[in-house]
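One structure is given below, encoded as structure tokens.
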Amino acid sequence: MAVPDSLSHGSIRRRSTIQGALRRRLRLLPVVPSILLLGVFMLAPVAWSFYSSFTNVALSGKAALNPQWLGFDNYARMLTDSVFPLSVWLTVVFVAVSAILGQNALGLAIALLMTRSGGATASLVGTVVVASWILPEIVAAFAAYAYFSQDGTLNQLLGMFGVQGTNWLYAFPMATIVLANVWRGTAFSMLVYRAALSQVPRDVSEAALMDGARGWQRLAFITLPIIRGSIATNLMLITLQTLAVFTLIWVMTAGGPANASTTLPVLAYQEAFKLGDIGYGTAIASILILIGMVFGAVYVRLVRGAKS
Amino acid sequence: MSSLRRAQRLAGNRTTPVAGGRLRVRLAANAALAVIGLCFVLPLAWLLLASVDPNAGYETRWPQSPSFANFAAVLTPGLLFQPLVNSFILSAGTAVVNLAAAVLAAYPLSRYQSRFNKPFLYAILFGTSLPVTAIMVPVYGLFVQLQLLDSMPATIFFMATTTLPMAIWMTKNFMDSVPLELEEAAWMDGASGLATLRRIVLPLMRQGLGVVFIFVFIQAWGNFFVPFILLLSNSKQPASVSVFSFFGQHGAIAYGELAAFSILYSVPVLILYTVVARGSGSAFALSGAMKG
């Protein structure tokens with residue numbers, strides 16, 4: 001009598017733990033659509049990108065139907081290619097000057113000035129800065145193109161001071177896309193820093209005022225250390241956004257003249273779609289994806305560090 | 001405490017140089033902001049002035065005979081309505097797919113403890129950092145092989161996926177702020193997880209859902225590169241791509257019409273952004289996106 005009893009007891013318990021495990025699994029079922037989407041439209045292209053970067057797959061012709069395995073030929077070609085090293089350098093300049101230096105510093109400056117000014121000026125300037133960010137990218141690109149062109153607003157302004165302008169888009173293509181990207185993207189940093197600065201307790205800065213801390217010292221030793229988490233996150237995000245900029249450059253200079261503003265996304269586009277060499281295009285894309293992955297890993301570490 | 005504060009304030013007020021310094025700082029800050037604002041507004045001023053100038057060029061000038069001729073010229077079914085309808089289908093479709101997938105994924109992540117949650121969320125966060133422009137070359141290859149080129153639904157699903165990591169992350173954060181107690185009561189009454197999600201959690205996070213929807217919609221509406229690569233026929237092109245043809249392919253550029261079209265195309269996202277910023281503050285939307 002006792003033996004079957006304990007047996008049945010054990011089997012019930014076992015069944016209930018199996019059911020429990022099953023139920024816990026089933027609870028995760030709603031995540032499946034997202035995993036499918038991410039698998040099909042994100043992971044698969046990334047995997048395909050790495051795979052095709054070792055082949056000579058092309059848009060048309062024999063290599064389109066029967067791509068050959070090339071090994072590291074595409075990557076070796078990058079080193080001997082005259083455009084690729086230039087393109088890497090232009091991408092570094094574009095990200096460093098327009099995002100890390102330009103957007104980040106200007107965004108912080110505007111946010112700080114807003115805490116000092118307040119009122120109508122602050123909200124009006126905030127609206128204008130955000131407007132250039134919220135506009136569709138292609139419209140912002142047209143506006144920037146018009147601004148820097150031969151008959152454009154910049155030359156009108158210079159003309160007022162008696163300076164003869166030039167066609168900036170041809171003469172200084174990198175400078176124009178850097179400035180355009182600062183104009184376009186500063187709003188993001190400004191919003192991040194406004195949110196961060198609103199969290200800085202007033203007591204802290206007022207106490208510093210009592211101690212006679214001068215403005216710059218207060219900024220360097222009190223305010224900035226408090227918002228350092230936001231600074232790190234912001235730098236990460238704007239670097240990734242700027243790394244991926246295509247439309248702005250494509251409309252303004254199309255990477256020219258003579259590749260003088262061909263950043264990596266533009267180069268990947270040209271090789272893959274203009275020249276039809278998908279293999280080499282995906283090799284360049286793979287490099288960009290790898291750079292994104294490195295920054296992504298750092299970003300995840302930052303967020304994890306902030307949480308724990 | 002408050003008397004101490006008052007004493008400090010009095011002490012501060014007594015020394016007029018500090019007060020004078022404050023005023024000077026305020027004036028200087030306002031002046032600096034005004035200069036920055038002027039620099040930012042100049043490129044936009046051209047857009048506005050050129051749109052009402054039938055003889056517009058690239059210079060910024062007051063129109064000699066301002067009129068809405070440019071707007072009238074682009075207000076045709078082929079030039080404006082078809083591309084805008086396409087933009088709307090793409091953006092709304094993207095936002096709906098995105099929100100549905102994000103809400104479903106966020107629910108178990110927010111409500112149940114699991115070993116799976118943390119790695120998944122960090123993988124999602126990692127996914128937000130992949131440069132979409134870099135993925136376009138392989139995606140094009142993939143679409144060719146699967147014969148999905150020029151398909152609106154496939155483009156919608158791809159665009160939804162590119163913003164999905166950010167949407168899941170935001171939706172989960174908004175859902176975390178809905179208290180558990182109400183749901184627990186419903187669970188006691190025997191309601192299933194998905195039923196409580198629909199009847200209790202979603203209504204309570206309406207505002208957050210609105211923010212995510214608008215966030216995704218604005219991104220899709222402004223997206224040029226993805227439809228430019230994945231959609232081929234003119235009848236399927238959204239406004240972002242069709243406006244490019246104004247610019248590039250017509251030989252002589254119709255500057256005024258380009259500006260008018262750009263404005264009409266931009267108005268919906270400006271309105272949507274204002275709705276989000278007014279209703280909840282952009283800082284609120286950002287906190288959903290940024291907080292860990």
* Which atom of B:Ala105 lies closest to which atom of A:Ser34, heavy atoms considered -> CB-OG, 3.4 Å
* By a 4.5 Å heavy-atom criterion (distance strictly below it), what part of B:Ala154 contacts chain A: side chain, backbone, both, or neither? -> backbone
* To do: Evaluate the side-chain proximity of A:Leu28 to B:Phe120: yes if any heavy-atom separation is below 4.5 Å, no if none is.
  => no
* **Validation row: A:Leu135, B:Leu44 side chains within 4.5 angstrom (heavy atoms)** => yes
* For A:Leu106, is it the side chain, the backbone, both or neither that has a heavy atom under 4.5 Å from a heavy atom of chain B? -> side chain
* With respect to chain B, which residue among A:Thr153, A:Leu157, A:Ile110, A:Ile278 yields the maximal number of heavy-atom pairs within a distance under 4.5 Å? -> A:Thr153
* Asked: What part of B:Phe158 lies closer than 4.5 angstrom to a heavy atom of chain A: side chain, backbone, both or neither?
  -> both
* Heavy-atom distance under 4.5 Å to chain A: side chain of B:Tyr140, backbone, both or neither? -> side chain
* Asked: Do B:Ile124 and A:Leu38 come close enough that some side-chain heavy atom pair is under 4.5 Å?
  -> yes
* chain B contact via A:Ser52 - which portion, at a heavy-atom distance below 4.5 Å -> neither
* Give the ring-plane orientation class for A:Trp133 versus B:Tyr273, where under 30° counts as parallel, over 60° as perpendicular and anything between as tilted. => perpendicular
* With a 4.5 angstrom heavy-atom cut-off, which part of B:Ile168 approaches chain A: side chain, backbone, both or neither? -> side chain
* Asked: Does the side chain of A:Val31 come within less than 4.5 Å of B:Pro108's, by heavy atoms?
  -> yes
* **Residue pair B:Met136, A:Tyr269: steps toward the side chain to side chain contact (heavy atoms under 4.5 Å, CB included) verdict** => CA-CA 8 Å; B:Met136 282 321 291; A:Tyr269 171 85; over 6 Å; no
* Quick one: does B:Phe228's side chain get under 4.5 Å of A:Phe273's, heavy atoms only? -> no
* Taking the side chain as every heavy atom from C-beta outward, state whether B:Leu258 and A:Phe142 have any atom pair closer than 4.5 Å. => yes
* Structural part of A:Ile35 lying under 4.5 Å from a heavy atom of chain B -> side chain
* **Top of A:Val125, A:Leu240, A:Leu37, A:Val182 for chain B proximity - count of heavy-atom pairs under 4.5 angstrom** => A:Leu37
* Proximity breakdown for B:Phe116 and chain A, heavy-atom pairs closer than 4.5 Å -> side chain
* To do: Please flag which part of B:Val97 lies under 4.5 Å from any non-hydrogen atom of chain A: side chain, backbone, both or neither.
  => side chain
* **Heavy-atom closest contact (A:Gly296 atom, B:Ser129 atom, distance)** => CA-OG, 3.0 Å
* **Under 4.5 Å from a heavy atom of chain A, the part of B:Ile229 involved** => side chain
* Structure fact -> So, the part of B:Gln145 with a heavy atom under 4.5 Å from chain A: the answer is side chain
* Asked: Any idea which heavy atoms bring B:Phe40 and A:Val128 closest together, and the distance?
  -> CB-CG1, 3.7 Å
* To do: Below 4.5 Å from any heavy atom of chain B, which atoms of A:Phe41 appear? Answer side chain, backbone, both or neither.
  => both
* To do: Identify which of A:Leu154, A:Leu43, A:Val130 forms the greatest number of heavy-atom pairs closer than 4.5 Å to chain B.
  => A:Val130
* To do: Mind listing the closest non-hydrogen atom pair of A:Met42 and B:Leu130 along with its distance?
  => CG-CD1, 4.4 Å
* Which one of A:Leu288, A:Ile287, A:Ile138 has the most heavy-atom pairs closer than 4.5 Å to chain B? -> A:Ile138
* Asked: Is a side-chain N or O of A:Thr121 found less than 3.5 angstrom from the main chain of B:Asn30, in a donor-acceptor match?
  -> no
* **Between A:Thr282, A:Ile134, A:Val46, the one whose heavy-atom pairs under 4.5 Å with chain B are most numerous** => A:Ile134
* Asked: Which bit of B:Ser114 is near chain A, if near means a heavy-atom gap under 4.5 Å: side chain, backbone, both or neither?
  -> side chain
* Is there a side-chain contact between A:Trp48 and B:Val139 (heavy atoms, below 4.5 Å)? -> no
* Asked: chain B heavy atoms under 4.5 Å from A:Ser286: which part of the residue, side chain, backbone, both or neither?
  -> neither
* **Least distance between heavy atoms, A:Leu113 atom then B:Ala32 atom** => CD1-CB, 3.7 Å
* To do: Answer yes or no: are there more than 12 heavy-atom neighbours, outside A:Phe50 itself, under 6.0 Å from its atom CZ?
  => yes
* **Option that, when pairs with chain B are counted at under 4.5 Å, heavy atom only, ranks first among A:Arg194, A:Glu137, A:Gln156** => A:Gln156
* Asked: Is the CZ atom of B:Phe143 crowded by more than 12 outside heavy atoms at less than 6.0 Å?
  -> yes
* Given the rule in the side chain to side chain contact (heavy atoms under 4.5 Å, CB included) test, do A:Trp250 and B:Phe225 qualify, once you have shown the distances and angles that lead to the verdict? -> CA-CA 10 Å; A:Trp250 186 245; B:Phe225 198 34; over 6 Å; no
* A:Pro136 side chain near B:Ser266 side chain, heavy-atom distance below 4.5 Å -> yes
